[in-house]
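Since the structure is predicted, the reported quantities are computational estimates derived from the model, not experimental observations.
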Amino acid sequence: MAAPLELSCWGGGWGLPSVHSDSLVVMAYAKFSGAPLKVNVIDNTWRGSRGDVPVLTTEDNTISQPAKILNFLRKQKYNADYELSAKQGADTLAYIALLEEKLLPAVLHTFWVESDNYFTVTKPWFASRMPFPLSLILPGRMSKGALNRILLTRGEPPLYHLREVEARIYRDAKECLNLLSNRLGTSQFFFGDMPSTLDAYVFGFLAPLYKVRFPKVQLQEHLKQLSNLCRFCDDILNSYFRLSLGDG
């Protein structure tokens with residue numbers, strides 16, 4: 001019998017199985033590839049200390065970071081990309097790099113840096129799922145980590161000031177969303193009728209932006225104008241997560 005695969009991840013709300021992009025990427029890929037994950041949703045009995053989830057645990061391994069987890073699952077023969085051509089495989093890597101460079105900074109900013117969103121939605125949600133005293137410490141640490149990650153990718157000279165950085169990252173993110181919308185077109189998934197790694201990443205990045213109800217929604221408003229990307233998120237939620245979702 002195969003070793004059990006257990007995924008520790010942040011849980012859901014607003015109709016999502018997780019509100020955390022990295023967790024969603026892995027959860028979606030597991031659904032697409034048929035990997036039999038036991039999902040352990042973090043709650044206020046959690047014993048972690050840094051918030052570095054998702055984490056995949058097997059009998060022999062503990063693996064974090066979505067790319068490393070997906071690579072491990074592929075080695076276990078859970079491969080959502082086996083029908084892709086070499087060119088489609090190369091396109092997947094290029095689009096994931098684009099997502100991480102152009103879209104992720106704005107997603108992080110929306111959740112963790114935009115003060116109205118952070119104090120009314122993100123901080124209370126995450127703090128409610130952490131034990132005391134982590135609930136007092138970790139959300140702020142995660143916010144600082146998000147800001148550092150944004151400035152690492154977007155803070156090159158002369159964009160030292162956060163206001164300049166904000167304008168740039170939201171402009172880049174909107175261009176990235178437009179590119180994804182054009183690439184998807186009327187297809188169900190990015191490479192046809194079957195979901196792959198790229199679909200897991202796009203879903204993981206877009207679904208929280210699409211569904212979580214924030215007071216400041218400039219990127220969310222742009223996404224909601226791209227009906228095929230919204231339909232893409234809804235289709236994956238309905239096809240792969242419907243039975244596991246609560247009311248959100």
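- Looking at heavy atoms from C-beta onward, Phe214 lies in side-chain contact with Thr122 at the 4.5 angstrom threshold.
- Note on Phe241 and Met194: separate hydrophobic clusters, where clusters join Ile, Leu, Val, Met, Phe, Trp and Tyr whose side-chain heavy atoms are under 4.5 Å apart, directly or indirectly.
- The shortest heavy-atom contact between Arg213 and Val121 is O-CG2, 3.5 Å.
- Gln220 places a side-chain N or O within 3.5 Å of a backbone atom of Val212 that can act as its donor or acceptor partner.
- Taking the six-membered ring where the residue is Trp, His20 and Trp10 present perpendicular rings, their angle passing 60° and hence far from 30°.
- Looking only at distances, a side-chain donor or acceptor of Ser21 sits under 3.5 Å from a matching main-chain atom of Gly204.
- Considering CG of Leu104 and CD of Glu101, their distance stands at 11.0 Å, rounded to 0.5 Å.
- With 3.5 Å as the limit, one finds no donor-acceptor pair spanning the side chains of His109 and Asn117.
- Among all heavy-atom pairs drawn from Ala207 and Leu24, the shortest one is CB-CD1, 3.9 Å.
- Of the possible polar contacts, one joining the Ser239 side chain to the Asp235 backbone as a donor-acceptor pair under 3.5 Å is found.
- When side chains are defined from C-beta on, Phe232 does not count as touching Ser187, because their heavy atoms never get closer than 4.5 Å.
- Note: the hydrophobic cluster containing Leu177 also contains Leu179 (ILVMFWY, side chain heavy atoms under 4.5 Å, direct or indirect links).
- What you find for Ala80 and Ser33 is that their closest heavy atoms are N-CB, 3.9 Å.
- For Asp116 against Thr120, the heavy-atom pair with the smallest separation is O-OG1, 2.5 Å.
- Aromatic ring pairs are classed by plane angle as parallel below 30°, tilted from 30° to 60° and perpendicular above 60°; the pair Phe126 and Trp112 is tilted.
- Side-chain atoms of Ser128 come within 3.5 Å of backbone atoms of Trp125 as a donor-acceptor pair (strictly under, hydrogens ignored).
- In the model, Asp43 has a side-chain atom that pairs as donor or acceptor with a side-chain atom of Thr45 under 3.5 Å.
- Side-chain contact of Asp234 with Tyr210: a donor-acceptor pair under 3.5 Å is present, judged by distance alone.
- You'll find the side chain of Leu229 reaches within 4.5 Å of the side chain of Leu206, heavy atoms only.
- Side-chain atoms of Asp172 do not come within 3.5 Å of backbone N or O of Lys102 as any donor-acceptor pair.
- For Ser85 (side chain) and Gln88 (main-chain N/O), a donor-acceptor pair under 3.5 Å exists by modelled atom type.
- For Ala127 against Ser135, the heavy-atom pair with the smallest separation is O-CB, 3.4 Å.
- Distance alone, capped at 3.5 Å, places no donor-acceptor pair between the Arg149 side chain and the Pro105 backbone.
- Taken from CD in Gln76 to CG in Leu56, the straight-line distance is 9.0 Å, to the nearest 0.5 Å.
- If you run side-chain contact (heavy atoms from CB on, under 4.5 Å) between Thr57 and each of Asn40, Ile63, Thr62, only Thr62 comes through.
- For Tyr29 and Tyr201, the ring centers are positioned 6.0 Å apart or more.
- Salt-bridge check for Asp199 with Lys31: failed, with every basic side-chain N at 4.0 Å or more from each acidic carboxylate O.
- Residue pairs satisfying the salt bridge (charged side-chain N to carboxylate O under 4.0 Å, His left out) criterion with at least one member in residues 123-134, sequence neighbours excluded, are absent.
- For Phe111 and Tyr118, the ring centers sit 6.0 Å or farther from each other.
- In this structure, Val53 is not a member of the same hydrophobic cluster as Ile137, with clusters built from ILVMFWY side-chain heavy atoms closer than 4.5 Å.
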Go through the steps to decide whether Arg231 and Asn228 satisfy the test side chain to side chain donor-acceptor pair (under 3.5 Å), and finish with yes or no.
CA-CA 5 Å; Arg231 185 266 310 154; Asn228 62 337; over 6 Å; no
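- Here the side chains of Tyr95 and Val202 are not in contact, with every heavy-atom distance at 4.5 Å or above.
- Shown here for Leu99 and Cys176, the closest heavy-atom pair between the two residues is CD2-SG, 4.4 Å.
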